[in-house]
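Below: one structure, written as structure tokens.
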2 protein chains.
Amino acid sequence: MPGPSSLSSTGDRATMRDVATLAGVSLKTVSRVVNDERGVSPEVRQRVSAAVVTLGYRPNHAASTLRRRGARTGLVGALLQDLSNSFSGALLRAIEDVARENRTAVLTASIDEEVDRERDLVRDLLGRQVDGLVLMPTGRDHAYLGEELRAGPPVVFVDRPPRGLEADAVTVDNVLGARRGTEHLLAQGHRRVAGLFHLPGVLTAQDRVTGFTAAHADRGMQPDPRLVVTGVPSSVEAARVVGEMLALDDPPTAIFAGRNNLSTGAIRALAERGVQHRVALVGFDDYPLADLVDPPLTVVKQNVPRIGRAVGELLFARVAGDPSPPRHLVVEPTLVPRGSGEIPPPG
Amino acid sequence: MPGPSSLSSTGDRATMRDVATLAGVSLKTVSRVVNDERGVSPEVRQRVSAAVVTLGYRPNHAASTLRRRGARTGLVGALLQDLSNSFSGALLRAIEDVARENRTAVLTASIDEEVDRERDLVRDLLGRQVDGLVLMPTGRDHAYLGEELRAGPPVVFVDRPPRGLEADAVTVDNVLGARRGTEHLLAQGHRRVAGLFHLPGVLTAQDRVTGFTAAHADRGMQPDPRLVVTGVPSSVEAARVVGEMLALDDPPTAIFAGRNNLSTGAIRALAERGVQHRVALVGFDDYPLADLVDPPLTVVKQNVPRIGRAVGELLFARVAGDPSPPRHLVVEPTLVPRGSGEIPPPG
DNA sequence: CTGAAAGCGCTAACAA
DNA sequence: TTGTTAGCGCTTTCAG
């Protein structure tokens, strides 16, 4: 085997040293050229550049940031719930855009509502020296993060606020959204409005229940407990639940679905029974084709790109050193009437 | 300022050295404990662990892989077209799952059909020493990658094959898919079938045109050139194009939309004119709510999770050292009849 | 304008 | 079982 001073490419990548040797200059000079620092004669610069090309040299980012201690890695993490879900996807895209403006790459992963996975992922990203972290957390307590983040990078929570921890967050006003969606139905005279909600451990779900109830209370009403179902995990289950409700003696005349996948289940249940034009439906969260279903779906919509951008900008402000106390931005969702939510009660 | 031997945490992160000092052991011993290597007495191990906790120490991944030269970084890149698009999102999710099985994190970004961005992103990721790269490339030539990848990590192309370069790839048989979708319409007696396709520079679009034409040729037919439009960039534009076609003296009785966003445009145009139950429609690519629109949308569907998994498995086989020649997996899309594609021609 | 030496945080290869 | 030394690829510091 050749000695340590061998210049032959052993299948490995060329290093700055190799470039220096080939160009007949010192290490530091190559470093200057690669980093576009001044103080190199055009001639030498040219020679070094040529060597870089010949060897196919690429700077080693890790080594570089290791040496300049405390420097940024140009890497942020985005831990969302499910990257295949359109909400997480749109969020990731918006965060990516802001990251790009800050010359930063994005590491991402899905948490899938699993607390252990969340914790493992946070650890992994911190070990990779990310400059910042976006976290769409699971429902539980986040106090453990306090320890993880001591002297760690800034974290911005999204969609769900931190619990047991002071931290930046951008969330949607879920109480308000559910309240508006429900009120929209009540204002049209509906008196039996069903509510479907997802996992009760998730704060967004709880808030939506609260808004649903509050809208009733605003009118001195109380929802029928038989029409309020929490812990509905899936679209399929939502369809089953709606089917049961429609079989009641006094079935609901309107439905509020507290999450996008629950809306689809409700639509299916209504369509199967041919009552999609007789029972009103308002859903929380939008879908790309929601205006093309029959009838077009009325939704409470979150401005996801806006949320994502706010998250990104907050994060990079922190990365840049903004020392102000934790901020909590709350974005108002809006009601988009399309037809399904404007079906009047019978009689 | 304190000298270089200062042990006080200066707000920076604790290092392995700090842990060693606090635990009263050597650097290497800490390394052993952190990496779960054998050869440390339980007592010492305990002492070190305690110090780790006290200092909130996290191993520096970059430094670690720098030292063990040639070792994996446990990082792969996934450069897709648009992370907010459900296709890219589902793909990313599947790749992520395989990556997780290989204890690897995923760096991702959107290319947005911009050639320069693709190249910049590839460079950036290579500089970050990724173990592998998934690339959903733009339409142009990829020969430049040959240079970038000399002694670089393995690359797997997805959705679109490499051009001017030998590399692994997983693609969909777009010719076959378009042919099946078009044939489905022709078999029902349609004789005037319109075709909408996206950017002609993108190979997938070209292949779908080919399949569309081939299906006609199979029956000794030729599509009316006025009914075949390529370069349709968006849903809005698709709606406009379809509107124009419907105003012809001899309008199409069926439409084949060569991409998911073109389907939505077509649906809108048909619905606006109230002919959605009289003109047949088959779309390429599925949507989450496609079965709930009116009429339910018949599509040629790609099995995206399967594609993503194949990509991931191919990539990690290469990362593990699989030296076999480049493979090209072609996945067959399937026709999913739902209603819109089964509308018969008039008369 | 250019370069030599030191060292970022960590692990490999050896000691002891 | 534990520790010492060297050095990954790079940038900093300080000298020429």
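Treat the numbers as computed from the prediction; the structure is a model and nothing was measured. A note on names: the letters A, B, ... follow the listed sequences, proteins ahead of strands, and every chain is numbered from 1. When reading the values below, keep in mind they use all heavy atoms of this one structure, side chains included, and skip hydrogens, waters and symmetry mates.
- In this structure a side-chain-to-backbone donor-acceptor pair under 3.5 Å is missing from A/R309 to A/A94.
- When every heavy atom of B/A169 is checked against every heavy atom of B/P162, the shortest pair comes out as CB-CD, 3.8 Å.
- Heavy-atom minimum distance, A/P59 versus A/V34: CG-CG1, 3.8 Å.
- In this structure, B/R58 atom CZ and C/dC10 atom P are separated by 12 Å, rounded to whole Å.
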With side-chain hydrogen bond (donor to acceptor under 3.5 Å, both in side chains) as the test, would you mind laying out the steps for B/Q129 and B/T73 before giving the verdict?
CA-CA 7 Å; B/Q129 323 299 122; B/T73 53; over 6 Å; no

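- Rounded to 10°, the angle separating the first-five-pair axis and the last-five-pair axis of the helix from C/dC1-D/dG16 to C/dA16-D/dT1 equals 40°.
- If you check residues 26-36 of chain B against DNA chain D, the residues with a heavy atom closer than 4.0 Å are B/S26, B/K28, B/T29, B/R32, listed by number.
- Nearest heavy atoms, A/V98 versus A/G312: CG1-C, 3.6 Å.
- When the C1' atom of C/dG3 is taken as reference, atom CE of A/M16 falls 14 Å away, rounded to whole Å.
- Of all nucleotides listed (C/dG7, C/dC10, C/dG9), C/dG9 comes nearest to the side chain of B/L66.
- Side chain of A/D82 to main chain of A/S110: no donor-acceptor pair is present (N/O by atom type, distance under 3.5 Å, no hydrogens or angles).
- When the shell of 6.0 Å around CZ of B/R306 is examined, it contains 12 or fewer heavy atoms from other residues, nucleotides or ligands.
- Whole-Å rounding puts the B/E37 CD to C/dC10 C1' distance at 12 Å.
- Under 4.0 angstrom from either OP1 or OP2 of C/dT2 there lies at least one side-chain N or O belonging to A/S41.
- The A/R67 side chain lies nearest to C/dG7 when the options are C/dC10, C/dC1, C/dG7.
- Across every non-hydrogen atom of A/T15 and A/Y57, the tightest pair is C-CE1, 3.5 Å.
- Here the closest heavy-atom approach between residue B/R327 and residue B/D322 is recorded as NH2-OD2, 2.7 Å.
- In terms of heavy atoms, B/R68 sits closest to B/N35 at NH2-OD1, 3.9 Å.
- Taking a cutoff of 4.0 Å between a charged side-chain nitrogen and a carboxylate oxygen, B/R103 and A/D124 do not qualify as a salt bridge.
- Heavy-atom distances to DNA chain D give each of B/G24 and A/S64 a nearest nucleotide, and the one nearer the 5′ end belongs to B/G24.
- Bracketed by its first and final contacts, the part of DNA chain D lying under 4.0 Å from non-hydrogen atoms of chain B reaches from D/dT1 to D/dG9 in 5' to 3' order.
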